[in-house]
Number of protein chains: 2
Amino acid sequence: MTDALLRKLGSFCPFNPKDAALLAGITVDHHTVGAHEDIIREGEVPRDVHLITSGFAIRYKNLADGTRQIFAYLLPGDFCDLHVFILDKMDHGIATLSPCSVVDIPRDTILRLTERPAIARALWWATLVDESTLREALVNIGRRRAEERVGHFLCELLVRLEVVGLVSDNRFELPLTQAELADTMGLSTVHINRVLQFLRGQKFITFDRKSLAVLDVDGLKRFSGFDPNYLHLAPYRTKPVMTPS
Amino acid sequence: MTDALLRKLGSFCPFNPKDAALLAGITVDHHTVGAHEDIIREGEVPRDVHLITSGFAIRYKNLADGTRQIFAYLLPGDFCDLHVFILDKMDHGIATLSPCSVVDIPRDTILRLTERPAIARALWWATLVDESTLREALVNIGRRRAEERVGHFLCELLVRLEVVGLVSDNRFELPLTQAELADTMGLSTVHINRVLQFLRGQKFITFDRKSLAVLDVDGLKRFSGFDPNYLHLAPYRTKPVMTPS
DNA sequence: CGACTAGTTGAGTAAGCTCAAAGCCCGTGG
DNA sequence: CCACGGGCTTTGAGCTTACTCAACTAGTCG
């Protein structure tokens with residue numbers, strides 16, 4: 001697997017060899033976290049910045065009434081908590097969905113990296129895209145009906161995973177239960193089940209054994225009102241499609 | 001009116017006189033924008049950073065089906081778009097709700113400001129709090145019932161406006177129509193109307209002629225599951241209550 | 001072969017929506 | 001000073017979406 005971080009940040013702006021080497025250097029020392037474990041809990045004061053290099057993780061918050069809301073999906077190449085430097089303590093938790101490779105990056109390393117202007121810009125860009133993605137999630141939950149909502153979410157994952165080379169033939173691994181999908185979309189698990197049946201019935205997707213295939217990409221995007229604008233992929237970026245066909 | 005920006009950023013970390021003077025300096029040159037006008041439209045490439053010094057503004061996005069989602073409220077002391085530096089173009093619009101005083105800050109000025117470490121940290125903090133606020137909005141819409149949702153929103157405004165000194169006796173100006181509230185909460189205007197009646201009936205609030213009073217602050221916070229943690233107000237901060245009593 | 005987890009189905013319910021009409025407030029102009 | 005108009009709020013009624021509860025099925029793993 002190529003380095004997801006480099007692919008992702010490089011999709012914003014290609015790096016010169018020195019910067020690329022610096023970035024590649026930080027991902028050497030990763031360790032593994034099992035599925036469904038916390039990487040950081042709400043209220044903790046994390047010391048390092050965490051970077052996912054493989055697997056899926058989520059940002060989430062548990063509510064008093066026992067429900068949960070998932071805010072964001074952390075895919076390979078995503079930082080969990082560039083916040084660390086400023087905020088007192090975590091206002092939400094981060095947990096793995098599947099087994100993950102995680103790199104713990106000391107603050108000092110980040111500070112050293114951000115002395116390189118291209119890298120600093122790329123990290124800044126990444127956090128802005130995270131924020132933009134969060135806004136789109138709000139639109140999604142606030143203003144789209146369940147079927148479009150789930151469709152939109154799947155379109156987003158497709159695009160984001162394409163960037164880091166984890167899609168082939170419009171198919172990707174999605175280690176998600178329907179209950180987790182429900183906590184993401186603000187719906188009940190029963191309703192998620194019915195929405196998935198609808199999306200399958202429309203021949204938009206298949207989803208079986210944690211593997212999701214988008215059968216009709218344009219159709220699903222149209223149906224869901226998906227416009228990838230908010231992901232701010234650089235316009236000059238060459239589309240990193242892996243479809244062999 | 002004291003300078004909202006200084007109050008807000010200072011609530012994170014007090015500034016030394018030099019930094020305070022620098023920050024105060026940027027707000028001298030403001031101009032007025034009428035109610036219900038765009039400050040920046042989606043798709044535009046803004047040149048300056050905008051700072052609200054008085055009035056209410058919103059971040060929003062219009063959907064294809066004619067609906068609208070409001071993401072965030074920009075209150076006095078809030079920056080609209082520190083994004084400017086990195087992202088190609090706006091992925092959402094910013095509009096006034098009431099007449100606003102706005103300062104256009106050239107990029108260079110921001111760059112000069114961020115050479116001062118305390119100021120750079122404070123701006124970084126402000127954007128992180130924005131992001132955290134967005135996450136809470138997602139929880140709110142995704143997982144709370146309509147009554148709690150609106151209650152939570154009002155609690156947030158109360159706290160944020162207290163920080164900048166715009167609350168007295170738990171009362172503040174809220175230049176919002178019910179339709180705008182609906183676009184914020186992901187509800188219909190009819191339902192917002194009924195929710196407001198409920199909150200009035202419970203003696204939690206009064207809301208008349210764009211003036212909102214929270215009659216039972218603790219009660220409303222408890223009812224709505226409001227925990228101000230996510231606003232990351234500094235722990236050592238002296239509560240800037242204005243209640244004369 | 002249990003036991004557990006995840007997915008599926010049905011039936012009844014409730015939260016919130018739509019449509020439509022009416023009332024209220026306030027500014028404007030006669 | 002009053003009539004008019006427009007925007008906002010309120011109300012009612014019927015409908016839709018999504019929820020809850022409960023049971024049942026299908027894999028999976030020891």
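- For the pairing with B/Y230, the side chain to side chain donor-acceptor pair (under 3.5 Å) check across B/E156, B/R135, B/E136 returns one residue only, B/E156.
- When rounded to the nearest whole Å, the span between CD1 of A/I192 and P of D/dT17 equals 16 Å.
- Between the CD atom of B/E148 and the C1' atom of C/dG16 there is a distance of 14 Å, rounded to whole Å.
- Using a 4.0 Å cut-off, no side-chain N or O of A/Q197 falls inside it from OP1 or OP2 of C/dG7.
- When side chains are defined from C-beta on, A/L161 counts as touching A/F56, because their heavy atoms get closer than 4.5 Å.
- Side-chain contact between B/R59 and B/I70: absent, with no pair of heavy atoms (C-beta onward) separated by less than 4.5 Å.
- A/R200 comes within 4.0 angstrom of the backbone, heavy atoms only, and of no base.
- The backbone N or O of B/Q178 sits nowhere less than 3.5 Å from a side-chain atom of B/T189 that would complete a donor-acceptor pair.
- The NE2 atom of A/H191 sits 18 Å away from the P atom of C/dA11 (whole-angstrom rounding).
- B/L187 comes within 4.0 angstrom of sugar-phosphate atoms only, judged by non-hydrogen atoms across all strands, and of no base.
- Side-chain N or O atoms of B/R149 include one that pairs as donor or acceptor with a backbone N or O of B/M185 at under 3.5 Å.
- Atom P of nucleotide D/dC19 and atom CE of A/M185 are separated by 12 Å, given to the nearest angstrom.
- Residue A/Q178 places at least one side-chain N or O closer than 4.0 Å to OP1 or OP2 of C/dT8.
- Surrounding CZ of A/R200 are more than 12 heavy atoms belonging to other residues, nucleotides or ligands, all under 6.0 Å away.
- Between A/R143 and B/D183, at least one side-chain N (NZ, or NE/NH1/NH2) sits under 4.0 Å from a carboxylate O, which counts as a salt bridge.
- For the OP1/OP2 pair of C/dC26 and a distance below 4.0 Å, the side-chain nitrogens and oxygens of B/R209 include at least one atom meeting the criterion.
- For the pair A/L181 CG and D/dA18 P, the computed distance is 15 Å after rounding to whole Å.
- Annotation: of the two residues near DNA chain C, A/R143 and A/L196, the 5′-most nearest-nucleotide partner is A/L196.
- Each of A/T189 and B/H36 lies near DNA chain D, and the nucleotide nearest B/H36 is the one positioned closer to the 5' end.
- Rounded to whole Å, atom P of C/dA6 lies 19 Å from atom CZ of A/R194.
- Rounded to whole Å, atom C1' of C/dG10 lies 12 Å from atom CG of A/N193.
- Rounded to 10 degrees, the angle separating the terminal helix axes of the helix from C/dC1-D/dG30 to C/dG30-D/dC1, each built from five base pairs, is 30°.
- The side chain of B/K210 has D/dC8 as its nearest neighbour among D/dC8, C/dA6, D/dG12.
- The separation between A/L199 atom CG and C/dT8 atom P is 13 Å, rounded to whole Å.
- At the heavy-atom level, B/S188 lies under 4.0 Å from base atoms of the strands shown.
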